[in-house]
Amino acid sequence: MSIQPAVPILQPYVGRFAPSPTGPLHAGSLVAALASYLDARAHDGTWLIRIEDIDEGRSVPGAAEDILDLLQRLGMTSDREVVWQSRRKHLYAAAYDRLAGHVYPCGCNRREIADSRLGVAPDGAAIYPGTCRHGLAPGRSPRSLRLRVPDAGDDVITFHDRMAGVVTQRLASESGDFVLKRADGYWAYQLAVVVDDAEQGVTDVVRGADLLDSTPRQIFLQRLLGVPTPRYLHVPVVRNAAGEKLSKQTGALAVRPGDEAGAVAALRESAGFLRLDVPPAGSLAEFWRLAVPAWRALVAS
């Protein structure tokens, strides 16, 4: 695994970990948390925690508090006040107002989109064919709000990922017009994450590779809103024995370290998945003292 260092930019490094409170933290999420925390510390930066509970229908009561408590017991605490997306809807509404000229109402339901899709995006989403792009059909009511992407030829988004290298995506054929506000009334993840990263001054996003294919859509939104594009580092995702991404849906077990020795063991397991050479540690303090220079060495190699 090759990781490139963050190229210096004008403002100080600000990173973040943004878990969704749909259940307890599992091993896959811990890998992402560890990588983002170590990258911030290795660059003498600020590390933030943001609770991505914009999809309130999927949030599990108490899960966010459990995640924050576990991170604290593992030695990872936010350098600023924790932010909750469900409390920031006014920011997403304000961003939508700035995008209004690029947005249109869509009356299609999931079955109709599945039946008429242009294909499947790399992240598994149906590529919307633009059915409602030029107006709703007679008798149809709006269900969601979609962002119009550029036509083919003007739709290429290219960025450099610190692990994957140069990534190119053609929005028209590989994404299609995407949702900014869902049929259930919730603001979509793509809009919320862009607004939050900009508002919090995030310079570096370190997260799982399952979100790599979402990045071009987010960069397009950043350009439309006139906000900076962070540097990106997408680390490999943890998979189960069947090769599926480890998640709550695929039976991922919660990280429950118990005592300090268990906490160190959980962190060392995540470090091992990242191919991080951390010597044995007898305490959390010792683990972090050894892990930060180990990450610096990995980035420099």
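- Note: the hydrophobic cluster containing Leu145 also contains Leu91 (ILVMFWY, side chain heavy atoms under 4.5 Å, direct or indirect links).
- One finds a salt bridge joining Arg162 and Asp39 here, because a Lys/Arg side-chain nitrogen approaches an Asp/Glu carboxylate oxygen to under 4.0 Å.
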Working for side chain to side chain contact (heavy atoms under 4.5 Å, CB included), residues Tyr189 and Ser20 = CA-CA 11 Å; Tyr189 162 77; Ser20 298; over 6 Å; no
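- The shortest distance between side-chain heavy atoms of Gln200 and Val14 does not fall below 4.5 Å.
- At least one side-chain heavy atom of Thr215 sits less than 4.5 Å from a side-chain heavy atom of His234.
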request  = Tell me, with the steps shown, if Arg223 and Ile157 meet side chain to side chain contact (heavy atoms under 4.5 Å, CB included).
outcome  = CA-CA 11 Å; Arg223 293 175 181 175; Ile157 299 289; 3.3 Å; yes
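- We find the CZ-CH2 distance between Arg41 and Trp295 to be 14.0 Å, quoted to the nearest 0.5 Å.
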inquiry  = What verdict does the side chain to side chain contact (heavy atoms under 4.5 Å, CB included) test give for Val83 and Leu48, after you've listed the backbone C-alpha separation in whole Å, the side-chain angles of each residue and the deciding distance to 0.1 Å?
reply    = CA-CA 8 Å; Val83 162; Leu48 310 177; over 6 Å; no
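- Within the 4.5 Å cutoff, no side-chain heavy atoms of Val193 are placed close to those of Leu211.
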ask   = For Leu71 and Phe17, what are the C-alpha separation, side-chain angles and deciding distance, and is it a side chain to side chain contact (heavy atoms under 4.5 Å, CB included)?
value = CA-CA 11 Å; Leu71 290 172; Phe17 174 58; 4.0 Å; yes
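- Here CD1 of Ile3 is found 6.5 Å from CG of Leu274. Values are rounded to the nearest 0.5 Å.
- With hydrogens and angles left out, the side-chain atoms of Arg289 and Ser283 include no donor and acceptor closer than 3.5 Å.
- The two residues Ala172 and Pro150 make their nearest non-hydrogen contact at CB-O, 3.7 Å.
- Side-chain atoms of Arg268 come within 3.5 Å of backbone N or O of Pro279 as a donor-acceptor pair.
- Proximity of Phe220 to Ser175: side-chain heavy atoms (C-beta onward) are nowhere separated by under 4.5 Å.
- To the nearest 0.5 Å, atom CD of residue Glu65 and atom CD1 of residue Ile51 are 8.0 Å apart.
- At least one side-chain heavy atom of Leu267 sits less than 4.5 Å from a side-chain heavy atom of Leu34.
- In this model, a donor atom of one side chain and an acceptor atom of the other lie less than 3.5 Å apart for Ser86 and Asp53.
- Annotation: side chain of Leu38 is in contact with side chain of Val292 (closest heavy-atom distance under 4.5 Å).
- Tyr232 has its side chain within reach of Arg207: a pair of non-hydrogen atoms, C-beta onward, lies under 4.5 Å apart.
- Nearest heavy-atom pair, Ala95 versus Val195, reported as atom, atom and distance to 0.1 Å: CB-CG2, 3.5 Å.
- What you find for Leu191 and Tyr92 is that their closest heavy atoms are CD2-O, 3.8 Å.
- Annotation: the span from Tyr37 atom OH to Asp79 atom CG amounts to 7.0 Å, rounded to 0.5 Å.
- Between Asp44 and Arg296 there is a salt bridge, since a side-chain N of the basic residue sits under 4.0 Å from a carboxylate O of the acidic one.
- Of the possible donor and acceptor atoms, none in the side chain of Glu52 sits under 3.5 Å from a partner among the backbone N and O of Gln85.
- Side-chain atoms of Val103 and Tyr96, non-hydrogen and from C-beta on, do get closer than 4.5 Å to each other.
- With Glu56 as reference, Lys89 is the one residue of Arg87, Lys89, Arg182 to meet the salt bridge (charged side-chain N to carboxylate O under 4.0 Å, His left out) rule.
- A salt bridge between Arg143 and Glu112 is absent, with no side-chain N of the basic residue lying under 4.0 Å from a carboxylate O of the acidic one.
- Taking NE2 of His102 as the reference point, atom CG of Asp177 lies at 12.5 Å (rounded to 0.5 Å).
- Expressed to the nearest 0.5 Å, how far CG of Asp197 lies from CD of Glu199 amounts to 10.5 Å.
- A salt bridge links Asp151 to Arg133: one of the charged nitrogens lies within less than 4.0 Å of a carboxylate oxygen.
- Listed for the Gln169 side chain is no donor-acceptor partner under 3.5 Å among the backbone atoms of Glu174.
- Around the CD atom of Gln222, the shell of radius 6.0 Å holds more than 12 heavy atoms that belong to other residues, nucleotides or ligands.
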request  = Could you please spell out the steps behind the side-chain hydrogen bond (donor to acceptor under 3.5 Å, both in side chains) verdict for Thr131 and Arg146?
outcome  = CA-CA 11 Å; Thr131 307; Arg146 288 184 180 271; over 6 Å; no
